[in-house]
Student: 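Quick one: the structure is below, and I'll ask about it shortly.
What you see is a predicted model, and the numbers here were worked out from it, not measured in a lab.
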Amino acid sequence: MPDQAPPPVGGAELLDRIARLNRWVTHHTAWTLPLAQARVLAQIDELGTARIGDLARIERCSQPTMTAQVHRLQAQGLVGRVTDPDDARAARLSLTDQGRRALADMRRARAGVFEALVEQLDAADRARLPDALLALSALLDAAYRQATGHRSAPSASIEPVITEKPHIP
């Protein structure tokens, strides 16, 4: 009897599962900052540097709302501001060393919550996760190519880059 191909996965179903898993992990993570501020740090990290207006568009909020978030992050020493070399009236934001450490700590906390879930899977399901990661990474790369014309997603969003399937015991 030949191997049967798995049934096709609908985009809506896949997106629903990813969104629900992300919400569950987010809800069960012990955050050291409000989630909105953590999202801003992650966006700045992904972009390298950013203007407040760019962050507001990405986060779909008003510029005054983003300005308030950025001021809170600056007051905590997590974000630095320099004059934009292309427009002296504007500022570019970047993470400080303290901001990078805070973001790394929050990412580790989220990963810990997720890894506790992975440990509950049986061996066969855990063995399929590397393939799922490769497929999701390819989807993300395609999305970035479509949106920006760049070859792939910024590396911060999918690090470490998977070049082979890791062994999951």
Side-chain angles (χ1 to χ4, degrees), residues 15 18-119 129-130 132-164 166 168:
L15 282 172
I18 292 168
R20 288 172 55 200
L21 181 59
N22 184 54
R23 280 192 305 267
W24 195 93
V25 169
T26 297
H27 178 75
H28 290 87
T29 297
W31 295 95
T32 56
L33 287 174
L35 184 55
Q37 291 178 21
R39 285 174 52 102
V40 172
L41 289 180
Q43 283 297 333
I44 295 170
D45 182 55
E46 185 174 324
L47 297 170
T49 65
R51 293 170 64 163
I52 288 178
D54 297 333
L55 292 171
R57 276 188 296 284
I58 291 167
E59 291 296 317
R60 297 181 183 258
C61 67
S62 69
Q63 194 159 337
T65 297
M66 184 55 67
T67 298
Q69 289 287 20
V70 167
H71 283 160
R72 289 182 193 105
L73 292 167
Q74 282 184 284
Q76 296 172 71
L78 303 175
V79 171
R81 179 187 297 248
V82 296
T83 301
D84 188 330
D86 299 326
D87 182 353
R89 300 167 297 167
R92 299 219 45 99
L93 306 166
S94 61
L95 297 182
T96 62
D97 289 341
Q98 184 178 345
R100 278 187 284 285
R101 283 191 300 274
L103 183 58
D105 289 346
M106 288 183 285
R107 286 178 171 161
R108 271 192 296 280
R110 275 180 62 84
V113 170
F114 183 76
E115 288 162 5
L117 291 174
V118 170
E119 290 173 8
L129 290 177
L133 178 60
L134 289 170
L136 290 171
S137 294
L139 285 170
L140 187 58
D141 285 347
Y144 273 87
R145 279 191 309 274
Q146 180 180 341
T148 65
H150 292 114
R151 268 184 4 153
S152 63
S155 60
S157 63
I158 58 171
E159 282 184 5
V161 174
I162 304 297
T163 56
E164 61 184 60
I168 298 179

Student: How long is the straight-line distance from CD of E46 back to CG of L95, given to the nearest 0.5 Å?
Tutor: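 One gets 11.5 Å once the value is rounded to the nearest 0.5 Å.
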
Student: Can you confirm whether L35 sits close enough to T29 that some side-chain heavy atom of one is under 4.5 Å from a side-chain heavy atom of the other?
Tutor: no

Student: Using side-chain heavy atoms (C-beta onward) and a distance below 4.5 Å, is L133 in contact with L129?
Tutor: no

Student: Hey, could you give me the OG1/CG distance between T65 and L55, rounded to the nearest 0.5 Å?
Tutor: 12.5 Å

Student: Before you tell me yes or no, could you show the steps for V79 and I44 under side-chain contact (heavy atoms from CB on, under 4.5 Å), namely the whole-Å CA-CA distance, both residues' side-chain angles and the distance that decides it to 0.1 Å?
Tutor: CA-CA 9 Å; V79 171; I44 295 170; 4.0 Å; yes

Student: Applying side-chain contact (heavy atoms from CB on, under 4.5 Å), run through V70 and M66 and close with a yes or a no.
Tutor: CA-CA 6 Å; V70 167; M66 184 55 67; 4.2 Å; yes

Student: Report yes if some heavy atom in the side chain of E115 is under 4.5 Å from a heavy atom in the side chain of R108; otherwise report no.
Tutor: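 They are not in contact (no side-chain heavy atoms under 4.5 Å apart), so the answer is no.
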
Student: Over all heavy atoms of both residues, which pair between G80 and T96 is shortest? Give the atoms and the distance, please.
Tutor: N-CG2, 3.7 Å

Student: With distance as the sole test, does R92 use its side chain to make a donor-acceptor pair with the main-chain N or O of T49 at under 3.5 Å?
Tutor: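 Yes; at least one donor-acceptor contact below 3.5 Å.
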
Student: Between A109 and A30, what is the shortest heavy-atom contact and its length?
Tutor: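 Taking A109 first and A30 second, the nearest heavy atoms are CB-O, 4.2 Å.
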
Student: How close do A56 and S62 get, heavy atom to heavy atom, and via which atoms?
Tutor: CB-O, 3.9 Å

Student: When rounded to the nearest 0.5 angstrom, what distance separates CG in D105 from CZ in R110?
Tutor: 14.5 Å

Student: Using salt bridge (charged side-chain N to carboxylate O under 4.0 Å, His left out), reason through R51 and D87 one step at a time and then give a plain yes or no.
Tutor: CA-CA 11 Å; R51 293 170 64 163; D87 182 353; 3.6 Å; yes

Student: Side chains of L33 and L41, heavy atoms from C-beta outward: is any pair under 4.5 Å?
Tutor: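 A side-chain contact exists here, since the closest heavy-atom pair is under 4.5 Å.
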
Student: Are any of the side-chain heavy atoms of I52 and R81 separated by less than 4.5 Å?
Tutor: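 Yes, their side chains come closer than 4.5 Å.
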
Student: D45 and R107: side-chain contact (heavy atoms from CB on, under 4.5 Å), yes or no, with the steps?
Tutor: CA-CA 12 Å; D45 182 55; R107 286 178 171 161; 3.0 Å; yes

Student: Are R57 and Q63 packed together at the side-chain level, in the sense that at least one heavy-atom pair is separated by less than 4.5 angstrom?
Tutor: no

Student: Can you find a pair of side-chain heavy atoms, one from Q37 and one from W31, that are under 4.5 Å apart?
Tutor: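 In short, these two side chains do not touch, never coming nearer than 4.5 Å.
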
Student: Sequence neighbours left out, what passes side chain to side chain contact (heavy atoms under 4.5 Å, CB included) with L117? Give chain and number order.
Tutor: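 Testing L117 for side chain to side chain contact (heavy atoms under 4.5 Å, CB included), a comparison that skips the adjacent residues, returns L21, W24, V25, Q120.
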
Student: Are more than 12 heavy atoms, taken from residues, nucleotides or ligands other than R100, located less than 6.0 Å from that residue's CZ atom?
Tutor: yes

Student: Working to the nearest 0.5 angstrom, can you tell me the gap between L139 CG and I18 CD1?
Tutor: 7.5 Å

Student: Answer yes or no: is there a side-chain heavy-atom contact under 4.5 Å between L93 and V82?
Tutor: no

Student: For R101, check side-chain hydrogen bond (donor to acceptor under 3.5 Å, both in side chains) against everything at least two apart and list the hits.
Tutor: none

Student: Out of curiosity, N22 CG to F114 CZ, how far, rounded to the nearest 0.5 Å?
Tutor: 10.5 Å

Student: Applying side chain to side chain contact (heavy atoms under 4.5 Å, CB included), name anything that partners R23, two or more places apart in sequence or on another chain.
Tutor: A19, R20

Student: Starting at CG of D54, measure out to CD of E59 and round the result to the nearest 0.5 Å.
Tutor: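 That separation rounds to 12.0 Å.
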
